[in-house]
Colleague: 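Here it is, the structure, as structure tokens.
Only a predicted model underlies this, so the values are computations on that prediction, with no experimental measurement involved.
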Amino acid sequence: MDSILVIIAISLTIASIINIVLTKFSVSHIIGYIITGTVVSTLFDFNGSKNLHSLELIGEFGIVFLMFTIGLEMSFSKLDKMKKLIFYNGFMQMTFSALIIFIIAFYAFTLDAVSSLIIALSFSLSSTAIVLPYLKKSKDIVTPYGERSVAILVFQDLAVIPILLLMSFLSNNELSLTDVLFKTLLYASGIIIFMFTLGKKIIAWLLHFSSKARMEELFLSSVFTIVLGASLFAHEMGFTYSLGAFIAGMIIAETKFHIKVESD
């Protein structure tokens, strides 16, 4: 019963049944997915001795495709217009949240400074997977506060990179801060330069020729290739899968295919 296909089938069945019931009571489908995760985790003892790496990858790539759709909505022109919203609101939200939680962890729970800092930074982040689908479903994403919420989520997703960098430095005494910063800057520059030069041409070429073939499955497979390829490339460089997908979405947002890609 630990076949990944069986687990996926049971998960989809439970999620469908629970959300059908919750919809009758006007309860958010996100609650249904959380309940499903709890039930499936208990049913297959994921918190016990078993460790299904493939299931973790499925969960990871759920976030990857979500970040890709966010990237599709964040063209460079839109990002330029929203830069004040993103960096001001995002920075203020994370700074004040982290500061308050750090004080509580350090003084109220008497934890050490490093542990308090990691907890504070972790709790200052929101779940894009929960907030964004709710904003889209309720149509609040087009409202002023919806735009600010999306801006904060984008900033948080970008802030994950330096936070993970900081955590890896704090957990490894053998690495110097200079070495970590240099390596990260080098790899980040490599990703950006490749994605916005050769990567941009490859993406445009794939979408152009797959659309000319007039085969829906070919166009869709090209999009999957772009998302997975960009995600794997970013991961090999030491960053998150979702960062590569986000950048790929931003590149496609500048092409004439972005509406079709988002629709498909």
Colleague: Return the set of residues passing salt bridge (Lys or Arg N to Asp or Glu O under 4.0 Å) with Lys256 (not counting sequence neighbours), or none when no residue passes.
Modeller: none
Colleague: A side-chain contact here means heavy atoms from C-beta on lying under 4.5 Å apart; do Leu207 and Ile226 qualify?
Modeller: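 Side-chain contact under 4.5 Å: yes.
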Colleague: Go through the structure and list residues passing side chain to side chain donor-acceptor pair (under 3.5 Å) with Tyr107, not counting sequence neighbours.
Modeller: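 Not a single residue meets the side chain to side chain donor-acceptor pair (under 3.5 Å) criterion with Tyr107.
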Colleague: Can you name the ring-ring contact (aromatic ring centres under 6.0 Å, His included) partners of Phe257, sequence neighbours left out?
Modeller: none
Colleague: Just verifying a value: how many Å separate Ile203 CD1 and Leu198 CG, rounded to the nearest 0.5 Å?
Modeller: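 Here the interatomic distance stands at 10.0 Å.
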Colleague: Under the side chain to side chain contact (heavy atoms under 4.5 Å, CB included) rule, collect the residues that match up with Ser210, sequence neighbours excluded.
Modeller: Leu218, Phe219, Ser222
Colleague: Strictly distance-based, threshold 3.5 Å: is any side-chain N or O of Ser41 a donor or acceptor partner for the main-chain N or O of Thr38?
Modeller: no
Colleague: How about Tyr241 and Phe65: are their ring centres within less than 6.0 Å of each other?
Modeller: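 Ring-ring flag for Tyr241/Phe65: false, centres at least 6.0 Å apart.
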Colleague: My understanding is that only residues two or more places apart in sequence, or in another chain, count here; which of them pass side chain to side chain contact (heavy atoms under 4.5 Å, CB included) with Phe87?
Modeller: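 Counting only residues at least two positions away or on another chain, Phe87 forms a side chain to side chain contact (heavy atoms under 4.5 Å, CB included) with Lys83, Phe155.
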Colleague: With the 4.5 Å side-chain cut-off for hydrophobic clustering, are Phe106 and Leu117 part of the same group?
Modeller: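 Per the 4.5 Å side-chain linkage, Phe106 and Leu117 are co-clustered.
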Colleague: Do other residues, nucleotides or ligands put more than 12 heavy atoms under 6.0 Å from the CG atom of Leu220?
Modeller: yes
Colleague: Just by modelled atom types, is the Leu111 backbone N or O under 3.5 Å from a matching donor or acceptor in the Ser115 side chain?
Modeller: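 Answer holds: no.
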Colleague: What is the distance from atom CG of Asn19 to atom CD1 of Ile30, rounded to the nearest 0.5 Å?
Modeller: 8.5 Å
Colleague: Is there a chain of hydrophobic side chains (I, L, V, M, F, W, Y, each step under 4.5 Å between heavy atoms) that links Val114 to Phe102?
Modeller: yes
Colleague: What residues form a ring-ring contact (aromatic ring centres under 6.0 Å, His included) with Phe91, not counting sequence neighbours?
Modeller: none
Colleague: Could you work out, with ring-ring contact (aromatic ring centres under 6.0 Å, His included) as the rule, every residue matching Phe96, not counting sequence neighbours?
Modeller: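 Residues passing ring-ring contact (aromatic ring centres under 6.0 Å, His included) with Phe96: none at all.
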Colleague: So, applying side chain to side chain contact (heavy atoms under 4.5 Å, CB included) with Ile18, which one of Val27, Ile35, Ile34, Thr23 is it?
Modeller: Ile35
Colleague: Got a sec, which residues hit salt bridge (Lys or Arg N to Asp or Glu O under 4.0 Å) with Glu216, two or more places apart in sequence or on another chain?
Modeller: Lys260
Colleague: If every non-hydrogen atom of Ala98 is compared with every non-hydrogen atom of Ala120, which pair is closest and at what distance?
Modeller: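 Of all heavy-atom pairs spanning Ala98 and Ala120, the closest is O-CB, 3.2 Å.
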Colleague: Could I get the full list of side chain to side chain donor-acceptor pair (under 3.5 Å) partners for Thr36, not counting sequence neighbours?
Modeller: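 Partners of Thr36 by the side chain to side chain donor-acceptor pair (under 3.5 Å) criterion come out as none, since no residue qualifies.
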Colleague: Residues in ring-ring contact (aromatic ring centres under 6.0 Å, His included) with Phe123, at least two apart?
Modeller: none
Colleague: Would a distance-only check, ignoring hydrogens and angles, find a side-chain to backbone donor-acceptor pair under 3.5 Å from Gln156 to Leu125?
Modeller: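 No; zero donor-acceptor contacts below 3.5 Å.
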Colleague: His208 side chain to Trp205 main-chain N or O, any donor-acceptor pair under 3.5 Å?
Modeller: no
Colleague: Rounded to the nearest 0.5 Å, what separation is found between the CD1 atom of Ile252 and the CD1 atom of Ile247?
Modeller: 12.5 Å
Colleague: Applying side chain to side chain donor-acceptor pair (under 3.5 Å), name anything that partners Ser97, two or more places apart in sequence or on another chain.
Modeller: Gln93
Colleague: Is it possible for you to say whether Tyr145 and Leu85 belong to one hydrophobic cluster, with membership spreading through side-chain heavy-atom contacts below 4.5 Å?
Modeller: no
Colleague: Which heavy-atom pair separates Met94 from Ala159 by the least distance, and what is that distance?
Modeller: SD-CB, 3.7 Å
Colleague: Applying a strict under-4.5 Å side-chain criterion to I, L, V, M, F, W and Y, I'd like to know whether Leu121 and Ile101 cluster together.
Modeller: no
Colleague: Please report the interatomic distance OG1(Thr255) to NZ(Lys200), rounded to the nearest 0.5 Å.
Modeller: 9.5 Å
Colleague: Begin with the C-alpha distance, continue with both residues' side-chain angles, and end with the deciding distance and a verdict on side chain to side chain contact (heavy atoms under 4.5 Å, CB included) for Glu147 and Thr143.
Modeller: CA-CA 6 Å; Glu147 284 190 352; Thr143 62; over 6 Å; no
Colleague: Give a yes or no on whether Val223 and Leu232 share a hydrophobic cluster (residues Ile, Leu, Val, Met, Phe, Trp, Tyr; joining criterion: side-chain heavy atoms under 4.5 Å apart).
Modeller: yes
Colleague: Scan residues 106-119 for pairs that pass salt bridge (charged side-chain N to carboxylate O under 4.0 Å, His left out), counting only residues two or more places apart or in two chains.
Modeller: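 Found none.
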Colleague: Between Phe246 and Phe68, is the gap from one ring center to the other below 6.0 Å?
Modeller: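 No - the distance between ring centres of Phe246 and Phe68 does not fall below the 6.0 Å cut-off.
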Colleague: Within this structure, what is the CD1-OG distance for the pair Ile100 and Ser124, rounded to the nearest 0.5 Å?
Modeller: 11.0 Å
